[in-house]
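Working notes for the structure below.
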Amino acid sequence: MLLKDKVAIVTGASRGIGKAIALLFSKEGAKISAVARTEEDLKKLKSEIEASGGECLIFKGDVSKEDDVKKVVQETVDKFGRIDILVNNAGFGIYKPVVELTAEEFDSMVAVNFRGVFLFTKYVLPYMMKQNSGVIINISSIAGTLGVKNMAVYSATKWAVNGFTESIMHEVREYNIRVASLCPGSVDTNFSNVAGSNPPSRDKVLKPEDVAQTALLIATLPERAMLSHLILRPTNPR
Ligand code: NAP
């Protein structure tokens with residue numbers, strides 16, 4: 001078991017990439033704190049994890065709300081005693097030309113995709129710094145490395161995540177804390193149903209499990225080695 005006795009917080013763990021990461025990390029021995037807004041889906045995840053002998057706390061919460069974030073972090077430490085891994089995965093995109101995008105839609109993408117990453121990082125880091133170890137994996141996007149027609153604001157939030165990630169990496173590497181942005185191309189989840197026009201066919205894009213396997217690699221390298229920025233592409237999507 002590669003993550004035996006480790007404690008991981010995974011946001012957006014109710015489905016898609018976050019759920020795949022929570023399940024794989026649990027299979028590898030990690031205790032999981034899972035965060036999302038849909039309690040029913042979180043309960044299903046908890047049952048799946050417990051059925052295979054793992055431990056899972058679930059939190060119905062919104063990553064953009066500071067009180068929700070503080071509660072997750074505090075209760076995770078109260079229950080499990082430490083935090084080894086934070087996966088900032090919760091996020092969404094609205095596919096529209098910028099002239100049609102409302103200011104509220106702009107605010108909501110910035111709040112979930114960027115403010116949420118900031119809040120969890122801010123509240124988890126003091127524990128990792130005290131432990132003198134930790135791994136933070138921010139699920140960004142290939143859209144955070146290039147421009148995407150009709151996804152300008154989504155793309156901008158992911159550029160923000162990448163800039164934040166790299167800066168934090170420099171800030172905390174002296175505490176042996178590794179910080180990575182993992183930037184997938186198209187993944188077969190609910191996100192691609194909602195966000196994309198003309199998405200590549202489902203059987204050709206990445207699976208959530210592929211992203212989970214990459215996150216596991218980031219989390220399990222020897223402590224002296226850090227993957228800080230990674231693009232994961234489907235090999236032959238069209
Ligand atoms: P998904 O299936 O739609 O899952 C998104 C997850 O985020 C859900 O668990 C959702 O749960 C949670 N979430 C959304 N807003 C939240 C909030 N305010 N507070 C807490 N949780 C929230 O999409 P996915 O593809 O797995 O996306 C996961 C991440 O990968 C996102 O950051 C996305 O930008 C990134 N990504 C996806 C793709 C792709 O093609 N799928 C490609 C590159 C990057 P609730 O609705 O229950 O809250």
Side-chain angles (χ1 to χ4, degrees), residues 1-14 17-36 39 41-63 66-90 116-139 165 168-169 171-173 175-182 208-209 211-227:
M1 285 206 190
L2 294 170
L3 297 175
K4 191 164 163 30
D5 297 329
K6 302 283 186 197
V7 176
I9 295 177
V10 183
T11 73
S14 59
I17 294 168
K19 183 171 186 180
I21 292 173
L23 288 172
L24 180 61
F25 281 21
S26 168
K27 194 173 145 220
E28 292 295 340
K31 297 165 189 165
I32 306 294
S33 278
V35 191
E39 197 169 16
D41 291 342
L42 287 174
K43 283 183 179 162
K44 278 188 213 150
L45 171 73
K46 185 177 168 69
S47 309
E48 279 182 59
I49 287 179
E50 289 178 351
S52 22
E55 279 188 74
C56 180
L57 286 179
I58 55 171
F59 297 92
K60 175 179 156 51
D62 184 330
V63 296
E66 191 166 12
D67 286 345
D68 289 3
V69 174
K70 281 162 121 172
K71 183 174 189 283
V72 174
V73 173
Q74 188 58 57
E75 290 187 14
T76 298
V77 172
D78 289 349
K79 169 81 177 165
F80 295 136
R82 53 188 294 116
I83 302 169
D84 298 290
I85 305 167
L86 166 65
V87 184
N88 283 309
N89 163 77
V117 173
F118 159 72
L119 288 172
F120 264 101
T121 305
K122 170 182 165 58
Y123 286 108
V124 162
L125 269 178
Y127 294 101
M128 291 184 169
M129 289 159 83
K130 217 160 124 192
Q131 289 163 199
N132 212 32
S133 70
V135 178
I136 298 178
I137 302 170
N138 294 330
I139 305 300
T165 305
I168 295 297
M169 180 270 285
E171 218 170 288
V172 299
R173 60 195 298 192
Y175 297 93
N176 299 309
I177 299 168
R178 293 170 288 171
V179 189
S181 49
L182 170 48
E209 291 73 19
V211 185
Q213 199 181 324
T214 312
L216 182 66
L217 172 69
I218 293 171
T220 55
L221 282 176
E223 198 175 54
R224 63 179 173 272
M226 168 166 58
L227 276 166

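Numbering of residues begins at 1 and proceeds along the displayed sequence. Note that this is a predicted model, so its numbers are computed, not measured.
With hydrogens and angles disregarded, no donor-acceptor distance shorter than 3.5 Å links the side chain of E209 to the backbone of A20. Judged by distance alone, the side chain of R178 and the main-chain N or O of A225 form a donor-acceptor pair under 3.5 Å. For D84 (side chain) and G134 (main-chain N/O), no donor-acceptor pair under 3.5 Å exists by modelled atom type.
The two residues A34 and L45 make their nearest non-hydrogen contact at CB-CD2, 3.5 Å. In terms of heavy-atom proximity, V7 sits nearest to R82 at CG1-O, 3.2 Å. Closest of all the heavy-atom pairs between F80 and I32 is CE1-O, 3.9 Å. The two atoms that bring E48 and K19 nearest to each other are OE2-NZ, 2.9 Å, heavy atoms only. Closest approach of F120 and I9 over heavy atoms only: CE2-CG2, 4.0 Å. Scanning both residues, E55 and I49, for their nearest heavy atoms gives N-CG2, 3.8 Å.
Rounding to the nearest 0.5 Å gives a distance of 10.0 Å between CG of L119 and CG of D67. Note: F59 CZ to E75 CD = 5.0 Å, rounded to the nearest 0.5 Å. For the atom pair K6 NZ and M1 CE, the distance stands at 14.5 Å (nearest 0.5 Å). Expressed to the nearest 0.5 Å, how far CD1 of I21 lies from CD1 of I137 amounts to 6.5 Å. Atoms CD1 and OG, from I83 and S133 in turn, are 11.5 Å apart once rounded to the nearest 0.5 Å. To the nearest 0.5 angstrom, E223 atom CD is 9.5 Å from I177 atom CD1.
Residues L3 and I85 form a side-chain contact, since some pair of their non-hydrogen atoms from C-beta on lies under 4.5 Å apart. For the pair M128/L86, a side-chain contact is recorded, criterion being any heavy-atom separation below 4.5 Å from C-beta on. Side-chain atoms of N88 and I136, non-hydrogen and from C-beta on, do get closer than 4.5 Å to each other.
Under the 3.5 Å distance criterion, with hydrogens and angles disregarded, a donor-acceptor pair is assigned to the side chains of E66 and Y123. Judged by distance alone, the side chains of S33 and T76 do bring a donor and an acceptor atom under 3.5 Å apart.
Salt bridge present: K46 and E50 bring a charged side-chain N and a carboxylate O closer than 4.0 Å. A salt bridge is defined here as a Lys NZ or Arg NE, NH1 or NH2 lying under 4.0 Å from an Asp or Glu carboxylate O, and D41 with K44 meets this definition.
Remark: K31 pairs with no residue by the side-chain hydrogen bond (donor to acceptor under 3.5 Å, both in side chains) rule, at least two apart or across chains.
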For this session: Given side chain to side chain contact (heavy atoms under 4.5 Å, CB included), test L125 with I168 step by step and report yes or no.
Result: CA-CA 10 Å; L125 269 178; I168 295 297; 4.1 Å; yes

Counting only pairs under 3.5 Å, give me each side-chain donor-acceptor contact of residues 211-222, with atom names and distances, residues two or more places apart or in other chains.
residue, atom, partner, partner atom, Å
T214, OG1, D210, O, 2.8
T220, OG1, L216, O, 2.6

